[in-house]
Amino acid sequence: MFSTNLPQNHQPVTFQPGQCVISHTPANMNEGASSGGEKQELKFKRAILQDQNKPENMIQRQQVIRLTYLITAMDLTCLFMQIGIIPYLAKSLGLDSVGFGYLQTTFGVLQLLGGPIFGRFADKCGIRAALTLSYLSGSAFFLLVSISTSIPLLFLSRIPSVFMHGLPGAQMVITDLTTPAERADALGKLGLCFGIGVIIGSSLGGTLSTKFGVYFPSYLAVVASLISAMIVMTCIPAHTKPKSEGQATQQRTSQSSVFSLKEILRLLKLPGVKEVFLIKVLSGLPTGLFLIMFSIISMNFFGLEAAQTGYLMSYFGVLQMVVQGLVIGRLTSRFTERTLIMLSVLAFSGVGLAMALMTNVFHYCIIALPMVFALCTMGIITDSILTKSVPPSDTDLLLHNLSERLLAVTVRSQMIC
């Protein structure tokens, strides 16, 4: 057991073998604090940073981050296997485009309701329990899809999605285990997992459904989700926040309700949060609509089969991996975050105009280049700015509460469409 000697009035930070405990610097100090208190805080910061930079701590921290990347890629692969085949399954059961819109809206509403609950659960019980819940819910989701032989059963299969928040959970782990300087790059690598999931999941789902039937990808997804849950239970630490921040978060969480408007307003009042969040909402609205209706566009507008739709989605995944792996890292080292956000907004504007004029798949593939660049850049840069704008103990609330409000806007717009 490793122990870091801390100043008085602070509990020691212990490091158990097999458990990753990473500390962040404390939140903004009170303006009325005495100079002696400020010195104590500075000593505390130095002690935590020294403990974090120990070789054994850094090695185990990197191991947890790599495992998080692995299980996130598996989870997204399973999800995109379903995204590619669900429209064809719905059509085979007699569900039209309007009914499919209601099906997707049901999924979005459940995600909206479950997000704050998942965030509070992670605060109280730890990230290991939260991710385990997410992957077990995913296995139940895929199992119900595999037995959906009627439209009511297909709608019933959406219920477990209320706790399926693997990607936000992974963002929590990455945010807790990285410094602000490392965060943009680490979140970018997490985006690579998203690209891997799109490529493998889309192509694999279309191919398997064509050769073995539309339900076969669901069987494979059930097994993969259970494996992910076992990896989390055995390899991911119960908590990734230091004790001081974890106790503060739990105390604040116990004093507020699950759907806490007060907490949302508190976060929005922090310097720089409201402006960046508004940009994220406005850019995320067309993004959400595109992702939700992509399969319907491919099936009805372009007349593609399930396998062809999977290959088209894989193309987008390849573009995303190239942008996040080769482009964004170089751009963040040369340009400011504000410049990159402005560039993304301009790209979104051009993409919207081009999509209104497109007539075939070839046009779609060309438009995908600036669209994927704008999506990746906007997502990574805004997440990085937002997590830097709040104390480390508030990052979970930020990633869940504000993200859920973004999802709410997308769901309402989808219902209108």
Side-chain angles (χ1 to χ4, degrees), residues 67 69-95 99-100 103-104 106-108 110-111 114 131-167 169-170 193-235 291-292 294-296 298-299 304-314 316-317:
L67 283 174
Y69 290 148
L70 173 63
I71 59 178
T72 302
M74 291 176 60
D75 180 52
L76 291 170
T77 297
C78 297
L79 182 61
F80 277 97
M81 279 198 296
Q82 303 305 308
I83 289 177
I85 66 170
I86 284 294
Y88 299 91
L89 174 59
K91 186 176 181 180
S92 67
L93 296 177
L95 196 65
F100 181 77
L103 181 68
Q104 294 294 79
T106 302
F107 180 85
L110 290 173
Q111 287 269 292
L131 284 176
T132 301
L133 175 64
S134 175
Y135 294 132
L136 290 179
S137 299
S139 63
F141 171 84
F142 299 128
L143 181 62
L144 288 174
V145 171
S146 68
I147 61 173
S148 296
T149 56
S150 65
I151 294 177
L153 282 176
L154 188 60
F155 274 88
L156 184 65
S157 69
R158 307 291 98 177
I159 294 178
S161 65
V162 69
F163 296 122
M164 290 173 58
H165 299 276
L167 185 58
C193 298
F194 188 90
I196 292 173
V198 173
I199 295 170
I200 299 178
S202 301
S203 57
L204 188 62
T207 303
L208 292 177
S209 63
T210 301
K211 291 186 176 181
F212 303 105
V214 73
Y215 293 105
F216 187 82
S218 300
Y219 304 143
L220 186 61
V222 171
V223 177
S225 296
L226 291 176
I227 292 174
S228 297
M230 288 189 291
I231 292 176
V232 170
M233 288 187 289
T234 56
C235 301
L291 291 175
I292 290 171
F294 175 78
S295 297
I296 290 294
S298 301
M299 183 172 59
L304 301 180
E305 300 294 334
Q308 295 171 326
T309 301
Y311 297 144
L312 185 58
M313 293 180 69
S314 297
F316 291 130

Nearest-0.5 Å distance, [atom1] of residue [X] to [atom2] of residue [Y]:
| X | Y | atom1 | atom2 | result |
| --- | --- | --- | --- | --- |
| F107 | S161 | CZ | OG | 5.0 Å |
| L220 | M81 | CG | CE | 4.5 Å |
| S225 | M74 | OG | CE | 7.5 Å |
| L204 | F80 | CG | CZ | 14.0 Å |
| L226 | L143 | CG | CG | 9.0 Å |

Sorted by first residue and then second, give each side-chain hydrogen bond (donor to acceptor under 3.5 Å, both in side chains) pair with at least one member in [range]; sequence neighbours left out.
| range | value |
| --- | --- |
| residues 194-210 | none |
| residues 148-157 | none |
| residues 72-84 | Q82-S218 |
| residues 132-146 | none |

Sequence neighbours left out, cut at 3.5 Å: what donor-acceptor pairs do the side chains of residues 85-94 make with other protein atoms?
from: Y88; atom 1: OH; to: L304; atom 2: O; distance (Å): 2.9
from: Y88; atom 1: OH; to: E305; atom 2: O; distance (Å): 3.2
from: Y88; atom 1: OH; to: T309; atom 2: OG1; distance (Å): 2.8
from: S92; atom 1: OG; to: Y88; atom 2: O; distance (Å): 3.4
from: S92; atom 1: OG; to: L89; atom 2: O; distance (Å): 2.6

Task: Among I151, L153, I159, side chain to side chain contact (heavy atoms under 4.5 Å, CB included) partner for F155 - done: I151
Mind listing the closest non-hydrogen atom pair of [X] and [Y] along with its distance?
| X | Y | answer |
| --- | --- | --- |
| L136 | A229 | CD2-CB, 3.9 Å |
| L131 | G169 | CD2-CA, 3.9 Å |
| L110 | R158 | CD1-O, 3.1 Å |

Task: ring-ring contact (aromatic ring centres under 6.0 Å, His included) against F212, all qualifying residues, sequence neighbours excluded - done: F216
- [ ] Check whether the ring centres of F316 and F194 lie less than 6.0 Å apart, and answer yes or no.
- [x] no
